[in-house]
Amino acid sequence: MGSVDLTTRLGPLTMRSPLVAASGTVGSVVDFAAVGALEHYGAAVAKSVSEDPWPGRAPPRLFPVGSGMLNGVGIQNPGIAVWVAEVAPRLPGVGVPVWGSVVGKTAEEFGRVAAAMARTGVVAVEANLSCPNLESGGMFALDPPAAAGAVSAVRAATTLPVGAKLSPNSADIVAVAKAVADAGADFVVVGNSVWGAAIDPETRRPGLSGMIGGYSGPPIKPIALRCVIEVRRALPRLPIVGCGGVRRGADVVEFLLAGAQAVALGTVHFAETRAGKRVVAELRRYGRRHRVDRVADLVGAWEPWTTAG
Ligand SMILES: Cc1cc2nc3c(=O)[nH]c(=O)nc-3n(C[C@H](O)[C@H](O)[C@H](O)COP(=O)(O)O)c2cc1C
């Protein structure tokens, strides 16, 4: 048991496992360490942090829909000063490399938060571009120049590896990926949740207080996978973390075959905090069954259909 080599390279990062715990689904990482199986992951991403505290939205903020989930948390966080003082000192004990996640309402805010975060023990900084841009009113992730501005500011703030977390809601995710790569991102995370909504016909009330929120979990996997394929096709040398709807080892294999070097687990943690242990066991079983010695050999290795004659 266990002879499959799980090591993967994500640009400048070498990871012991392709699994990443997705931002916002494992809290600050610190408390999750006690209930999760973080030794099976290559990295865990802390909840996104802004400059000042963000209170988040009113309840209800989570609403299950079929096998997926709507969330409208509103990136609630304590602000970078509290994060540096109270969360960061506890990160060395969590047993997994931690990536910080930065949000801001301006490119300059992204830069200031990243600079403070980079002085803690995080090994990479992810820019969560799915947040409103004060200057243009839209979301950074939907606007290639705005996304590039935020990533440039993070790039200038640190020598650590920088990731840019893209949105499947983009009209042209390849244009955003190109913009952030040119701005200095070492890798992209593809991607965040898909906009969705629900209304209870009995009460006529929306599932979320804010009506529209992020839809995540198994139903979004084909959308996330399509985004990974588009980015990989256009930018074959840009390292990718696939993210969206992963629940089983086979889902991880799917994202690797599509061209991702690492794969994040998110919503699955709400139902199964130790999901990573099971998913790694499934990945190893897949490797033995298909005689794959190294998961890195699966990256981009999908097979085209061939037509006879
Ligand atoms: C409750 C909740 C909170 C989230 N908070 C964040 C966040 O703070 N920053 C971020 O980059 N992504 C956040 N996400 C998005 C996830 O990291 C992930 O990209 C998304 O849920 C899709 O993956 P999944 O289908 O495996 O959950 C959040 C997702 C959920 C469900």
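Every number for a ligand or one of its atoms is a count from 1 in the order of the listing.
Looking at Asn192 against ligand 1, both its backbone and its side chain come within 4.0 Å, counting heavy atoms. At a 4.0 Å heavy-atom cut-off, ligand 1 touches Leu62 through the side chain alone. Using a 4.0 Å cut-off between heavy atoms, Thr267 contacts ligand 1 through both its backbone and its side chain. Residue Val189 does not touch ligand 1, judged by heavy-atom distances below 4.0 Å.
For the residue pair Trp83 and Val49, the shortest heavy atom distance occurs at CD1-CG2, 3.4 Å.
Between the side chain of Asp5 and the backbone N or O of Asp293 there is no donor-acceptor pair closer than 3.5 Å. In terms of modelled atom types and a separation under 3.5 Å, the side chain of Thr267 and the main chain of Ser216 share no donor-acceptor contact.
Ligand 1 lies within reach of Gly244, whose nearest heavy atom is under 4.0 Å from it.
Between Ser193 and ligand 1, not a single N/O pair is under 3.5 Å apart. Remark: ligand 1 and Gly266 share an N or O pair separated by less than 3.5 Å (distance only, no angle test). Inclusion of Ser48 in the set of residues having an N or O under 3.5 Å from an N or O of ligand 1 is warranted. Residue Phe270 places no N or O, backbone or side chain, under 3.5 Å from any N or O of ligand 1. Between Asn71 and ligand 1, no pair of N/O atoms sits closer than 3.5 Å. In terms of N/O distances under 3.5 Å, ligand 1 is approached by Gly245. For the pair Gly191 and ligand 1, the shortest N or O to N or O distance falls below 3.5 Å.
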Please walk me through it: do Asn77 and Ser50 pass side chain to side chain donor-acceptor pair (under 3.5 Å)?
CA-CA 7 Å; Asn77 78 89; Ser50 51; 2.9 Å; yes

For Ile240 and Phe255: C-alpha separation, side-chain torsions, deciding distance, then whether side-chain contact (heavy atoms from CB on, under 4.5 Å) applies.
CA-CA 10 Å; Ile240 299 173; Phe255 275 97; over 6 Å; no

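When Met69, Lys221, Lys165, Gln76 are ranked by how near their heavy atoms come to atom 11 (O) of ligand 1, first place goes to Lys165.
Ring orientation note: the planes of Tyr41 and His269 are tilted relative to one another, at an angle of 30° to 60°.
For Phe63, there are no ring-ring contact (aromatic ring centres under 6.0 Å, His included) partners two or more places apart in sequence or in a different chain.
Few gaps surround CZ on Arg232; more than 12 heavy atoms of other groups in view lie less than 6.0 Å from it.
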